[in-house]
A.B. asks: 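There's a structure below that I have some questions on.
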Amino acid sequence: MWLESLTPEQAAAVDALARRAEAADGFDPLNEEARLTRSSASARHLLVTDGGLSIAYLIHSLEHATAQLVVDPARRRQGIGSSLAATLAVDAPLRLWAFRDAAPARGFAGRFGLVAGRALLVMERALWTAPAGPGAVPPPQDGVRLRSFTAADTDALLAVNAAAFAHHPEQGGLDAAGLAARTAEDWFDPTGLILAVEDDRVLGFHWTKRHPDDTGEVYMIGVDPAAQGRGLGRRLLAAGLDHLARTGCRRVILYVDSADSVAVQMYESAGFGIAHRDVLYVPAGKE
């Protein structure tokens, strides 16, 4: 039966299930979106329990028409995941994320006739090596200065994000509620959300994130299309990497759509390499 939201107890049980899967597989089976939309009307949920233990979970994003699925490692190959996927397929296209594009996930998708669609590249680099390492932030130019985010910048940040990612199915839809949810997270640091400003107009931003294991993340980076061609993306990237290094990070990761060749080339030129990819599996003919 579909659930419109998860109770705190159910959410905790799903977290425990995800940790068991991560311990077995080496990666988290659920992304940030899955955790931020647990109590939101933009998602629905299927949860399977046995003897009080949550053994399988599917979250379906109504906004993006995508799903994430995890089954307890001890209960796999028993048809539980297939049952959840079949339930979703009754009233919605079956579009499943496969994080790390692991072989079992590819096989599971194939049994439902799904093929690879979108791919998110996960790129990484060390923070103590050039290019664009600590101290490599280009000097101010053209009257553009960098400063930290404040609550007064909320509307301007959202406007730049919407313009920069107008064709991005997830990030372009960031709204005030989504921004508030993210800034309320324990990891949020306003000094790590760097704005490029000209005459009090926000032209771009680089939102960094620090993980507990001294790994940093290029969480979001965007430039107003009207300000592109001025090197702001590279300058913001370098400033964010410098900030992460100064806070003790020694490694940095990022996620980028494989179809965004301009961004991929910028990151490659800054020393990033592809670590792995997350793939959205979709019905054939819907790539």
A.B. asks: Side-chain contact test, heavy atoms from C-beta onward, threshold under 4.5 Å: evaluate it for L241 versus V252 and give yes or no.
C.D. replies: yes
A.B. asks: Any chance you could lay out the side chain to side chain contact (heavy atoms under 4.5 Å, CB included) test for E268 and M123, step after step, and finish with the verdict?
C.D. replies: CA-CA 9 Å; E268 287 178 336; M123 306 182 74; 3.7 Å; yes
A.B. asks: Taking only residues two or more places apart in sequence or in another chain, which ones pass side-chain contact (heavy atoms from CB on, under 4.5 Å) with D213?
C.D. replies: H211, T215
A.B. asks: Taking side-chain contact (heavy atoms from CB on, under 4.5 Å) as the definition, give me every residue that meets it alongside D214, ordered by chain and number, with sequence neighbours left out.
C.D. replies: R210
A.B. asks: Let's go through Q68 and L96 carefully: what are the C-alpha distance in whole Å and the side-chain angles of both, what is the deciding distance for side chain to side chain contact (heavy atoms under 4.5 Å, CB included) to 0.1 Å, and is it a yes or a no?
C.D. replies: CA-CA 6 Å; Q68 300 174 42; L96 296 173; over 6 Å; no
A.B. asks: A163 and P225: which non-hydrogen atoms are nearest, and at how many Å?
C.D. replies: O-CG, 3.5 Å
A.B. asks: Any heavy-atom pair between the side chains of L53 and D72 that's under 4.5 Å?
C.D. replies: yes
A.B. asks: Looking only at non-hydrogen atoms, find the nearest pair between G222 and V160 and report the distance.
C.D. replies: O-CG1, 4.3 Å
A.B. asks: Nearest 0.5 Å, what's the CG-CG distance between L58 and L30?
C.D. replies: 9.5 Å
A.B. asks: Report the residues that fulfil side chain to side chain donor-acceptor pair (under 3.5 Å) with R95, sequence neighbours left out, ordered by chain and then residue number.
C.D. replies: none
A.B. asks: Taking the side chain as everything from C-beta on, heavy atoms only, tell me whether V218 gets closer than 4.5 Å to K209.
C.D. replies: no
A.B. asks: Which atom pairs, donor and acceptor, lie under 3.5 Å between side-chain atoms of residues 184-195 and protein residues at least two apart or in another chain?
C.D. replies:
{"unit_1": "D189", "atom_1": "OD1", "unit_2": "T191", "atom_2": "N", "d": "3.0"}
{"unit_1": "D189", "atom_1": "OD1", "unit_2": "T191", "atom_2": "OG1", "d": "2.7"}
{"unit_1": "D189", "atom_1": "OD2", "unit_2": "T191", "atom_2": "OG1", "d": "2.8"}

A.B. asks: Is any side-chain heavy atom of L94 less than 4.5 Å from a side-chain heavy atom of Y281?
C.D. replies: no
A.B. asks: To the nearest 0.5 Å, what is the distance between CG (L157) and CG (L174)?
C.D. replies: 7.0 Å
A.B. asks: Do the non-hydrogen side-chain atoms of L17 and I55 ever get within less than 4.5 Å of each other?
C.D. replies: no
A.B. asks: Assigning hydrophobic clusters by single linkage (Ile, Leu, Val, Met, Phe, Trp, Tyr; side-chain heavy-atom cutoff under 4.5 Å), is I59 placed with V282?
C.D. replies: no
A.B. asks: Which ring-ring contact (aromatic ring centres under 6.0 Å, His included) pairs, counting each pair once, include a residue from residues 1-29, with sequence neighbours left out?
C.D. replies: none
A.B. asks: Can you name the residues that form a side-chain contact (heavy atoms from CB on, under 4.5 Å) with R76, not counting sequence neighbours?
C.D. replies: A21, D25, V71, P73
A.B. asks: Can I get a per-line list of side-chain donor-acceptor pairs under 3.5 Å for residues 108-115, giving both atom names and the distance, sequence neighbours left out?
C.D. replies:
none

A.B. asks: If I compare all heavy atoms of A18 with all of P29, which pair ends up nearest, and what's the gap?
C.D. replies: O-CD, 3.6 Å
A.B. asks: Looking at A245 and R250, what are the two nearest heavy atoms and their distance?
C.D. replies: O-NH1, 3.4 Å
A.B. asks: Please round to the nearest 0.5 Å and tell me the distance separating atom CZ of R75 and atom CZ of R20.
C.D. replies: 10.5 Å
A.B. asks: Are the side chain of D199 and the backbone N or O of R201 linked by a donor-acceptor pair below 3.5 Å?
C.D. replies: no
A.B. asks: Do L69 and Y57 have side chains that approach each other closer than 4.5 Å (heavy atoms only, starting at C-beta)?
C.D. replies: no
A.B. asks: Less than 3.5 Å apart, which donor and acceptor atoms pair up between the side chains of residues 82-91 and the rest of the protein, not counting sequence neighbours?
C.D. replies:
{"unit_1": "T87", "atom_1": "OG1", "unit_2": "S83", "atom_2": "O", "d": "2.9"}
{"unit_1": "D91", "atom_1": "OD1", "unit_2": "R44", "atom_2": "NH2", "d": "2.9"}
{"unit_1": "D91", "atom_1": "OD2", "unit_2": "R44", "atom_2": "NH1", "d": "3.2"}

A.B. asks: What distance do N161 atom CG and I221 atom CD1 have between them, rounded to the nearest 0.5 Å?
C.D. replies: 12.0 Å
A.B. asks: On a heavy-atom basis, which atom in R234 and which in S269 lie closest, and how many Å separate them?
C.D. replies: NH1-OG, 2.7 Å
A.B. asks: Going from CG on D224 to CD on E198, what distance comes out if it is rounded to the nearest 0.5 angstrom?
C.D. replies: 11.0 Å
A.B. asks: Report all side-chain donor-acceptor pairs from residues 270-280 shorter than 3.5 Å, counting only partners two or more places apart or in another chain.
C.D. replies:
{"unit_1": "H276", "atom_1": "ND1", "unit_2": "R100", "atom_2": "NE", "d": "3.4"}
{"unit_1": "H276", "atom_1": "NE2", "unit_2": "R100", "atom_2": "NE", "d": "2.8"}
{"unit_1": "D278", "atom_1": "OD1", "unit_2": "R100", "atom_2": "N", "d": "2.8"}

A.B. asks: What closest approach, in Å, do V264 and S258 show between heavy atoms, and which atom pair accounts for it?
C.D. replies: CG2-O, 4.4 Å
A.B. asks: About how many Å separate CG of L236 and CE of M266, when rounded to the nearest 0.5 Å?
C.D. replies: 8.5 Å
A.B. asks: Can you list, by chain and residue number, the hydrophobic cluster partners of V122 when the side-chain cut-off is 4.5 Å?
C.D. replies: I253, Y255
A.B. asks: Should the pair R38-E33 be classified as a salt bridge under the 4.0 Å nitrogen-to-oxygen rule?
C.D. replies: no
A.B. asks: R147: which residues meet the side chain to side chain donor-acceptor pair (under 3.5 Å) condition with it, sequence neighbours left out?
C.D. replies: D153
A.B. asks: Following the transitive rule for hydrophobic clusters with a side-chain heavy-atom cut-off under 4.5 Å over Ile, Leu, Val, Met, Phe, Trp and Tyr, establish whether L36 and L6 coincide in one cluster.
C.D. replies: no
A.B. asks: Under a 3.5 Å threshold, yes or no: a donor from one side chain and an acceptor from the other, between R182 and Y219?
C.D. replies: yes
A.B. asks: Regarding R19 and D15, does a basic nitrogen lie under 4.0 Å from an acidic carboxylate oxygen?
C.D. replies: no
A.B. asks: Look only at the side chain of T7 and the backbone of Q10, and say whether a donor-acceptor pair between them is shorter than 3.5 Å.
C.D. replies: yes
A.B. asks: Set out, in order, the CA-CA distance, both residues' side-chain angles and the distance that settles side chain to side chain contact (heavy atoms under 4.5 Å, CB included) for R230 and V144, then state yes or no.
C.D. replies: CA-CA 10 Å; R230 299 172 59 179; V144 177; 3.4 Å; yes
A.B. asks: A side-chain contact here means heavy atoms from C-beta on lying under 4.5 Å apart; do R106 and D101 qualify?
C.D. replies: yes
A.B. asks: Taking the side chain as every heavy atom from C-beta outward, state whether W97 and R118 have any pair of such atoms under 4.5 Å apart.
C.D. replies: yes
A.B. asks: When you measure from the side chain of S61 to the backbone N and O of H64, does any donor-acceptor pair fall under 3.5 Å?
C.D. replies: yes
A.B. asks: Would you please test R235 and L146 for side chain to side chain contact (heavy atoms under 4.5 Å, CB included) and show each step?
C.D. replies: CA-CA 9 Å; R235 185 177 172 206; L146 303 183; 3.8 Å; yes
A.B. asks: State which residues pass side chain to side chain donor-acceptor pair (under 3.5 Å) with D28; sequence neighbours excluded, sorted by chain then number.
C.D. replies: R35
